[in-house]
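Since the structure comes first, as structure tokens, the remarks are kept for the end.
The model shown is predicted, which means the values in this text are computed figures rather than measured ones.
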Amino acid sequence: MSPYEHGEVFVTEDGAETDLDLGHYERFTDENLTKNSSITMGKIYQEVIERERRGDYLGKTVQVIPHITNAIKEKIYSFEKTGVDIVIIEIGGTVGDIEGLSMIEAIRQVGIESNIEDVLYIHVTLLPYISGSKEIKSKPTQHSVKELQSFGIKPNILVCRTEIDIPDEVREKIALFCNVRKESVIANKTASCLYEVPLMLEKEGLANEVCKQLKLQKNNPNNEEWEQLSEKIKNISNKKITIGIVGKYVKLEDSYLSIIESLKHAGIENDINVKIKLIDAEKVNKENVKEMLKDCSGIIVPGGFGNRGIEGKIQTIKYVRENKIPFLGICLGMQMAVVEFARNVLKLKDANSEEFDEICENPVIHIMYEQKEITKKGGTMRLGSYPCIIKKNSLAEKIYKTNEIHERHRHRFEYNNKYREIMEEKGLEISGTSPNGQLVEIVEIKDHPYFIACQFHPEFKSRPNKPAPLFVGLVKAAMN
Ligand code: GLN
């Protein structure tokens with residue numbers, strides 16, 4: 001998935017590289033998901049083709065229906081064994097997309113194979129608002145419902161994305177033309193903050209409708225935590241700070257979605273509005289770095305792959321290190337902090353990461369030992385959650401308030417241990433490592449208000465009610 005087109009790649013605890021929607025599910029449900037929660041057509045096709053090659057279907061014609069649809073249904077039904085009560089299957093894209101057809105056919109079949117009250121179809125549609133004539137258009141919803149019905153699925157509930165409240169007569173019209181009851185037309189209005197949406201949907205009666213139709217008894221939900229959060233958001237002070245993200249995917253905010261959400265969580269925690277400025281690393285150079293970063297009180301250099309923009313990242317890190325601007329480096333951001341330190345403090349002018357210069361004399365970042373023999377590049381990085389031991393009396397300890405953390409990873413390269421001693425001598429302290437001490441996970445600089453960089457991705461575990469400590473610390477330092 002190109003982060004430019006598709007947004008960030010989200011990583012689960014068990015190391016699945018998934019669509020960014022899974023990040024939203026985790027943030028909203030406050031539950032960790034697993035690789036089983038990501039069903040792609042690629043996975044399905046690969047499994048079916050492998051079975052065919054193995055001879056599992058000998059003598060049979062292998063086709064999209066039933067083999068692909070059966071494989072999709074198997075994944076859906078496999079949740080039965082996990083003890084959950086309700087499975088929510090989201091089919092991405094738009095009704096009628098060629099990519100989604102076999103998924104839609106599979107959920108249609110699930111509907112007829114199950115008890116009637118056990119399956120519910122919720123269709124999410126868009127109600128465009130024409131500001132010139134101040135009206136909402138229901139036609140696209142009518143059309144997509146018609147399209148869905150042509151595939152044999154009758155939606156039970158319509159969740160309508162809308163910019164304004166849906167007038168009563170529009171609700172009635174949608175219900176009548178789309179063949180649902182009026183209470184089943186749920187408005188999902190654009191909220192000023194994403195985290196207000198659950199309470200809004202509760203008020204709209206979505207859960208009531210779902211429970212009624214699935215014949216589940218609805219107890220009064222305990223929404224206390226959401227309510228507190230929503231109060232906090234509504235009453236946030238009018239203080240503002242700007243945090244800059246110096247990366248290469250600056251045209252699409254979704255490329256750094258979890259980082260941006262983490263900064264929002266940290267803002268709520270610190271009672272301040274965090275404005276985010278995406279800065280194109282490719283445009284940053286020695287001459288303009290001051291100007292480019294001028295309105296930022298803190299800087300993040302995020303993860304990434306490939307050499308585009310790395311020199312700008314290194315210039316940025318030099319500037320924030322020397323000028324004592326709060327800084328958080330993530331993954332490639334940490335690796336570049338190590339390269340910057342080696343070049344400018346240790347004066348190893350050719351220091352680099354092996355990712356960008358395989359034959360440089362000072363590969364301060366090098367390929368991980370376990371990665372050396374790997375030739376297949378899909379899904380083979382060091383992925384998912386690993387423990388990290390934090391050094392006593394370090395900034396990391398002060399931030400995390402513990403000496404053992406578990407964070408998620410996605411990388412192939414690592415800090416080269418050959419340089420530990422001289423780097424530490426000159427002030428780039430190693431404050432977090434793998435339990436055996438071999439893999440450097442966190443580096444920091446003491447004589448600086450906030451200079452910390454990690455090999456893992458703290459953004460994947462940040463939740464609105466449990467903000468990730470490294471972001472809370474960055475925002476706090478930036479406020480100072
Ligand atoms: N490209 C670097 C590596 O593979 C960093 C990865 C990242 O930032 N996620 O190690």
*Is the side chain of Asp14 donor-acceptor paired with the backbone N or O of Thr34 at a distance under 3.5 Å, no angle test?*
no
_Please evaluate residues Cys454 and Leu470 with respect to the criterion side-chain contact (heavy atoms from CB on, under 4.5 Å), reporting the C-alpha separation (whole Å), side-chain torsions for both, the decisive distance (0.1 Å), and the verdict._
CA-CA 9 Å; Cys454 49; Leu470 285 169; 3.8 Å; yes
*Compare all side-chain heavy atoms of Ile236 with those of Asp271 and state whether any distance is below 4.5 angstrom.*
yes
*Taking C-beta and beyond as the side chain, do Glu17 and Phe10 meet within less than 4.5 Å on heavy atoms?*
no
*Does a donor on one side chain and an acceptor on the other come within less than 3.5 Å for Gln335 and Ser353?*
no
*Do His265 and Tyr195 have ring centroids that are under 6.0 Å from one another?*
yes
_Lys391 and salt bridge (Lys or Arg N to Asp or Glu O under 4.0 Å): which single residue from Glu397, Glu429, Glu441 fits?_
Glu429
*Measure from the side-chain N and O atoms of Asn352 to the backbone N and O of Pro363, and report whether any donor-acceptor pair falls under 3.5 Å.*
no
*Answer whether the closest heavy-atom distance between the side chains of Pro449 and Asn480 falls below 4.5 Å.*
no
*Quick check: are there more than 12 heavy atoms from other residues, nucleotides or ligands sitting under 6.0 Å from CG of Asn436?*
yes
_4.5 Å side-chain heavy-atom contact, Glu355 and Asn307_ = no
*Do Ser385 side-chain atoms and Glu13 backbone N/O form a donor-acceptor pair below 3.5 Å?*
no
*Lys349 atom NZ, over 12 foreign heavy atoms within 6.0 Å*: yes
*Over all heavy atoms of both residues, which pair between Ser38 and Lys43 is shortest? Give the atoms and the distance, please.*
O-NZ, 2.5 Å
_His448 and Phe451 aromatic ring geometry - parallel, tilted or perpendicular at 30°/60° bounds_ = perpendicular
_Rounded distance (nearest 0.5 Å) linking atom CD1 of Ile241 with atom CG of Asp295_ = 12.5 Å
*Using a cut-off of 6.0 Å, state whether more than 12 heavy atoms not belonging to Glu147 lie near its atom CD.*
yes
*Could you tell me whether Glu253 and Lys264 make a salt bridge, using a distance below 4.0 angstrom between a side-chain N and a carboxylate O?*
no
*So do Met423 and Val443 actually touch side chain to side chain, heavy atoms under 4.5 Å?*
no
*Inspect the surroundings of NZ in Lys446 and state if more than 12 heavy atoms from other residues, nucleotides or ligands are less than 6.0 Å away.*
yes
*Would you indicate whether Ile130, at its atom CD1, is surrounded by more than 12 heavy atoms from other residues, nucleotides or ligands within a distance under 6.0 Å?*
yes
*asked:* Show the nearest heavy-atom pair for residues Cys331 and Gly303, with the distance to one decimal.
replied: CB-CA, 4.1 Å
*How many angstroms lie between atom CD1 of Ile390 and atom CG of Leu395, to the nearest 0.5 angstrom?*
10.0 Å
*asked:* Under 4.0 Å between a side-chain nitrogen and a carboxylate oxygen: does that hold for Lys248 and Glu282?
replied: no
*Indicate yes or no for a side-chain donor-acceptor contact from Arg161 to the backbone of Asn188 under 3.5 Å, with no hydrogens or angles considered.*
yes
*Using a distance-only test with no angle check, is there a side-chain donor-acceptor pair under 3.5 angstrom linking Glu407 and Tyr400?*
yes
*asked:* Quick check on Lys277: does its NZ atom have over 12 non-hydrogen neighbours (other residues, nucleotides or ligands) under 6.0 Å away?
replied: yes
*Grab the two heavy atoms, one from Ser394 and one from Ser431, that are nearest each other, plus how far apart they are.*
CB-CB, 3.6 Å
_Can you confirm whether Leu263 sits close enough to Tyr256 that some side-chain heavy atom of one is under 4.5 Å from a side-chain heavy atom of the other?_
no
_Worked check of side-chain contact (heavy atoms from CB on, under 4.5 Å) between Ile259 and Phe471_ = CA-CA 9 Å; Ile259 293 182; Phe471 292 93; 4.0 Å; yes
*asked:* Working to the nearest 0.5 angstrom, can you tell me the gap between Arg412 CZ and Phe305 CZ?
replied: 7.5 Å
*Using modelled atom types only, decide if a donor and an acceptor are shared between the side chain of Asn285 and the backbone of Asn288 within a distance under 3.5 Å.*
yes
_In the structure I gave you, are the side-chain heavy atoms of Tyr419 and Ile422 within less than 4.5 Å of one another anywhere?_
yes
*Gln371 side chain vs Thr380 backbone, donor-acceptor pair below 3.5 Å*: yes
_Other residues, nucleotides and ligands only: do more than 12 of their heavy atoms fall within 6.0 Å of CD on Glu421?_
no
*Should the heavy atoms of other residues, nucleotides or ligands under 6.0 Å from NZ of Lys324 be counted, would the total exceed 12?*
yes
_salt bridge (charged side-chain N to carboxylate O under 4.0 Å, His left out) evaluation trace for Arg343 with Glu311_ = CA-CA 12 Å; Arg343 284 190 194 173; Glu311 291 306 323; 3.0 Å; yes
*For the pair Tyr249 and Tyr4, name the ring-plane relationship: parallel under 30°, tilted 30 to 60°, perpendicular over 60°.*
perpendicular
*Minimum-distance pair of heavy atoms, taken over all atoms of Thr316 and Val301*: CG2-CG2, 4.4 Å
*With distance as the sole criterion, is a donor-acceptor pair present between the side chains of Ser133 and Glu135 under 3.5 Å?*
yes
*Please lay out, stage by stage, how Lys137 and Tyr129 fare under the test side-chain contact (heavy atoms from CB on, under 4.5 Å).*
CA-CA 6 Å; Lys137 288 285 182 198; Tyr129 175 64; over 6 Å; no
_Charged N-O contact under 4.0 Å between Arg171 and Glu204_ = yes
*In plain terms, say whether Lys75 and Glu47 are close enough for a salt bridge, that is, a side-chain N and a carboxylate O under 4.0 Å apart.*
yes
*Identify the two heavy atoms, one from His6 and one from Leu20, that lie closest to each other, and give their separation to 0.1 Å.*
O-CD2, 3.7 Å
*asked:* Are the side chains of Ile166 and Cys160 in contact, using a 4.5 Å heavy-atom criterion?
replied: yes
_Please evaluate residues Glu459 and Ile300 with respect to the criterion side-chain contact (heavy atoms from CB on, under 4.5 Å), reporting the C-alpha separation (whole Å), side-chain torsions for both, the decisive distance (0.1 Å), and the verdict._
CA-CA 12 Å; Glu459 70 272 26; Ile300 290 179; over 6 Å; no
*Supply the atom-to-atom distance Ile39 CD1 to Thr18 OG1, rounded to the nearest 0.5 angstrom.*
12.5 Å
*Without swapping roles, check the side chain of Asn416 against the backbone of His366 for a donor-acceptor pair under 3.5 Å.*
no
*Got a second to check how far Ser434's OG is from His409's NE2, nearest 0.5 Å?*
8.5 Å
*Between Gln315 and Val284, which heavy-atom pair has the shortest distance, and what is it?*
CB-CG1, 4.4 Å
*To the nearest 0.5 Å, what is the distance between CG (Leu332) and CZ (Arg410)?*
12.0 Å
*Please confirm whether the backbone N or O of Tyr386 pairs with a side-chain atom of His406, one donor and one acceptor, at under 3.5 Å?*
no
*Lys239 backbone acceptor or donor facing Asn273 side chain under 3.5 Å*: yes
*Short question: side chain of Lys347, backbone of Asn344 - any donor-acceptor pair under 3.5 Å?*
yes
*Side chains of Glu196 and Ser230: is there a donor and an acceptor less than 3.5 Å apart?*
no
_salt bridge (Lys or Arg N to Asp or Glu O under 4.0 Å) partner of Glu340, chosen from Lys318, Lys313, Arg321_ = Arg321
